[in-house]
Chemist: 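Structure incoming, see below.
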Protein chains: 2
Amino acid sequence: MKTEKISELTINRLSVYLRCLNELADAGEQTVSSKTLAGRFNLNSAQIRKDLAYFGEFGVRGVGYYVEDLRVQLIKILGLVTEHRAVVVGAGNMGYALANYSGFKPRSFLIIGIFDSDPAKIGRVVRDGLRVMSVEYLKDFIREEGIDIAILTVPASAAEEVFALVTSAGVRAVLNFAPIQLHAPEGAKVRTVDLSISLESLSYFLANPSVELATE
Amino acid sequence: MKTEKISELTINRLSVYLRCLNELADAGEQTVSSKTLAGRFNLNSAQIRKDLAYFGEFGVRGVGYYVEDLRVQLIKILGLVTEHRAVVVGAGNMGYALANYSGFKPRSFLIIGIFDSDPAKIGRVVRDGLRVMSVEYLKDFIREEGIDIAILTVPASAAEEVFALVTSAGVRAVLNFAPIQLHAPEGAKVRTVDLSISLESLSYFLANPSVELATE
DNA sequence: AATTGTGAATTCCTTCACAGCC
DNA sequence: GGCTGTGAAGGAATTCACAATT
């Protein structure tokens, strides 16, 4: 494993590969070539080989990659062997939805707390064993429960403050849904999901149909 | 306005600039320089000037950009003058949340229908004037109501089929939350929001703290 | 024969640096 | 003097193309 700087784009693609490998494993496939894999997405096969080569030599020349092998490797690389414990901050519609989102790997990501500052929301049951707590207890909760990921679904106006709170409590990874650029301190990582930007880029596309946007 | 190919990255940044200009306008600022603007994000001022220069010469040398002017220009460029009419397909938690999401510009994006295939969900009131309809009526609804954006919150297994349905009905812009790569036909545009990828990239970061990921 | 791993070439994106203008 | 607009330079990501390997 090289100690090179690895692009976030590469990491995102590893997730995509892993998902695909899971499907291939379910389908009983033993091996897969970078070419076959590339065919599933709009990718060049060299891209896939390069991405994987950052982390080791996982393939076999003339054969391809052993599905199960590579799957296990990617799980390791992405840090999905260890369980991550997450909280949702902001118990609005989006917070509820994420607390109940079934798409997260339950082995890897557990949402074990949801917080809000609105007294009217505190105590509400989001699902079995999960009810809204006051942000007052957020800091202690993070420490006591070993939370390592915070998902922010608070309004933009509150995001910076909540972000400072969770990072000061030791959280180093934040998934931010507030439409604001958070300034991550050294050692912390923010991923922002900005739905307005997504919709507005679609709007641009609709308004400028002649212009070809790069496909994703 | 040049007929050059414009990167999606540029378009995304235009959204960011617009948001910032709205704030500046609210704060009563008359002008802003690319340098000031750049300071708000982690951007180079030349980047901002280049992004804007694709669409015209909006600045004044020695002065900067007139906030209100540029704001209006960006609204035009992003196609936000015309109202977009959207449907949500998939009335799960995420669908509900998006149908009620307050972060979308209400002048530009209207969610006027929500659909599901589950009979148990059909008829449920999502909010005032919006109740879940059967996907059976989706195609007709899109045509009759002039829907131009579809937001998919269906399971991955159903996404391709629903996608084919909405595009065949004339929708050319899709915001996809299903964890699957949709194959967009010529003339249609998909933006996928993949929450698992986001979380897994955070997991990678947590598992490899030494490795520096490019900041976003 | 097939497919990987990887230098070289290419394309795309960002930043520099400065002429031109207010 | 300050700031834009932009050609040129630099850097990053992708793709090509092929030697190495099974």
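Each chain gets a letter, A, B and so on, in the order the sequences are listed, and its residues count up from 1. Side-chain atoms are counted along with the backbone in the values below, which use heavy atoms only and exclude waters and symmetry mates.
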Chemist: Within less than 4.0 Å of OP1 or OP2 of C:dT3, is there a side-chain N or O belonging to A:Ser34?
Modeler: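 So the side chain of A:Ser34 is outside the cut-off, no N or O lying under 4.0 Å from OP1 or OP2 of C:dT3.
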Chemist: Does B:Lys50 or B:Lys35 map to a spot on DNA chain D nearer the 5' end, using the closest nucleotide for each?
Modeler: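 Counting from the 5' end, the first nearest nucleotide belongs to B:Lys35.
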Chemist: Mind checking whether A:Ile180 and A:Asp194 have side chains closer than 4.5 Å, heavy atoms only?
Modeler: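 A:Ile180 does not reach A:Asp194 side chain to side chain.
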Chemist: Would you classify A:Leu9 as touching base, sugar-phosphate or nothing, given that sugar-phosphate means primed atoms plus P, OP1 and OP2, and contacts are heavy atoms under 4.0 Å?
Modeler: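 Here A:Leu9 touches the backbone only, sparing every base.
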Chemist: Check the orientation of B:Tyr17 and B:Phe41. Use parallel for under 30°, tilted for 30 to 60°, and perpendicular for over 60°.
Modeler: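 Tilted: the ring planes of B:Tyr17 and B:Phe41 meet at 30° to 60°.
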Chemist: Between B:Phe58 (CZ) and C:dC22 (C1'), how many Å, whole number?
Modeler: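 Nearest whole value for this atom pair: 19 Å.
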Chemist: How about B:Gln181 and B:Thr192: do any of their side-chain heavy atoms sit closer than 4.5 Å?
Modeler: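 Sidechains of B:Thr192 and B:Gln181: no contact.
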Chemist: Rounding to a whole Å, what distance do you find between B:Ile6:CD1 and C:dC12:P?
Modeler: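 Atom-to-atom, B:Ile6 to C:dC12, this comes out as 14 Å.
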Chemist: Starting at CD of B:Gln47 and ending at P of D:dC3, how long is that distance when rounded to a whole Å?
Modeler: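 For the pair B:Gln47 CD and D:dC3 P, the rounded distance is 19 Å.
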Chemist: D:dT4 C1' sits how many Å from B:Leu37 CG, rounded?
Modeler: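 B:Leu37 atom CG is separated from D:dT4 atom C1' by 13 Å.
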Chemist: Tell me which of A:Thr10 and B:Val32 sits closer to the 5' end of DNA chain D, going by the nucleotide each one is nearest to.
Modeler: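 Per heavy-atom nearest nucleotide, the more 5' residue is B:Val32.
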Chemist: So B:Ser45, base contact, sugar-phosphate only, or nothing? Heavy-atom distance under 4.0 Å.
Modeler: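 If one applies the 4.0 Å heavy-atom cut-off, B:Ser45 turns out to touch nothing in the nucleic acid.
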Chemist: Please check if the side chain of A:Ser45 supplies one atom and the backbone of A:Ser34 the other of a donor-acceptor pair under 3.5 Å.
Modeler: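 Checking the backbone N and O of A:Ser34 against the side chain of A:Ser45, no donor-acceptor pair under 3.5 Å is found.
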Chemist: Among residues 15-24 of chain A, which ones have heavy-atom contacts with DNA chain D below 4.0 Å?
Modeler: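 Those residues: none at all.
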Chemist: Let me know the distance between CD1 of A:Ile48 and C1' of C:dT3, rounded to the nearest Å.
Modeler: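 It is 13 Å, rounded to the nearest whole Å.
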Chemist: Taking only residues two or more places apart in sequence, or in another chain, which ones meet B:Arg71 in a salt bridge (charged side-chain N to carboxylate O under 4.0 Å, His left out)?
Modeler: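 Residues passing salt bridge (charged side-chain N to carboxylate O under 4.0 Å, His left out) with B:Arg71: B:Glu68.
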Chemist: Could you tell me which residues satisfy salt bridge (charged side-chain N to carboxylate O under 4.0 Å, His left out) with B:Asp148, sequence neighbours excluded, listed by chain and number?
Modeler: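 Scan of B:Asp148 (salt bridge (charged side-chain N to carboxylate O under 4.0 Å, His left out), adjacent residues dropped) gives none.
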Chemist: Taking the basic N atoms (NZ, or NE/NH1/NH2) and the acidic carboxylate oxygens, is any pair closer than 4.0 Å for B:Glu200 and A:Arg19?
Modeler: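 Looking at B:Glu200 and A:Arg19, the cut-off is not met.
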Chemist: Whole angstrom is fine here: how far is it from CG in B:Leu43 over to P in C:dC13?
Modeler: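 After rounding, the reported distance stands at 15 Å.
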Chemist: When the distance from CD of A:Glu8 to C1' of D:dA12 is rounded to whole Å, what number comes out?
Modeler: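 Answer to the nearest Å: 14 Å.
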Chemist: Below 4.5 Å, heavy atoms only, C-beta onward: do A:Ile149 and B:Leu206 meet side chain to side chain?
Modeler: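 Yes - at least one pair of side-chain heavy atoms lies under 4.5 Å apart.
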Chemist: Give the B/S/- string for nucleotides 17-22 of chain D, one per nucleotide from 5' to 3', where a protein heavy atom under 4.0 Å of the base yields B, of only the sugar-phosphate yields S, and otherwise -.
Modeler: B-BBBB
Chemist: Can you list, by residue number, the residues of residues 67-77 of chain B that have a non-hydrogen atom closer than 4.0 angstrom to DNA chain C?
Modeler: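 Nothing qualifies; none.
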Chemist: What's the closest nucleotide to the A:Ser7 side chain, out of C:dG5, D:dT6, D:dA13?
Modeler: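 That would be D:dA13.
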Chemist: For the residue pair B:Ile151 and B:Ile111, establish whether any side-chain heavy-atom pair is separated by less than 4.5 Å.
Modeler: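 B:Ile151 vs B:Ile111: side chains touch.
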Chemist: Quick one: is B:Tyr65 getting a side-chain N or O under 4.0 Å of the D:dG5 phosphate, OP1 or OP2?
Modeler: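 Affirmative; the distance criterion is met.
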Chemist: If I take atom CZ in residue B:Phe55 and atom P in nucleotide D:dT4, what distance separates them, rounded to the nearest angstrom?
Modeler: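 In whole Å, D:dT4 P lies 18 Å from B:Phe55 CZ.
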Chemist: So B:Asn93 and A:Arg127, side chain to side chain donor-acceptor pair (under 3.5 Å) or not? Walk me through it.
Modeler: CA-CA 12 Å; B:Asn93 290 304; A:Arg127 61 167 156 76; over 6 Å; no
Chemist: Residues in salt bridge (charged side-chain N to carboxylate O under 4.0 Å, His left out) with B:Glu29, at least two apart?
Modeler: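 In terms of salt bridge (charged side-chain N to carboxylate O under 4.0 Å, His left out), with neighbours along the sequence ignored, B:Glu29 is linked to no residue.
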Chemist: Strictly distance-based, threshold 3.5 Å: is any side-chain N or O of B:Thr153 a donor or acceptor partner for the main-chain N or O of B:Gly90?
Modeler: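 Looks like yes, one N/O pair under 3.5 Å.
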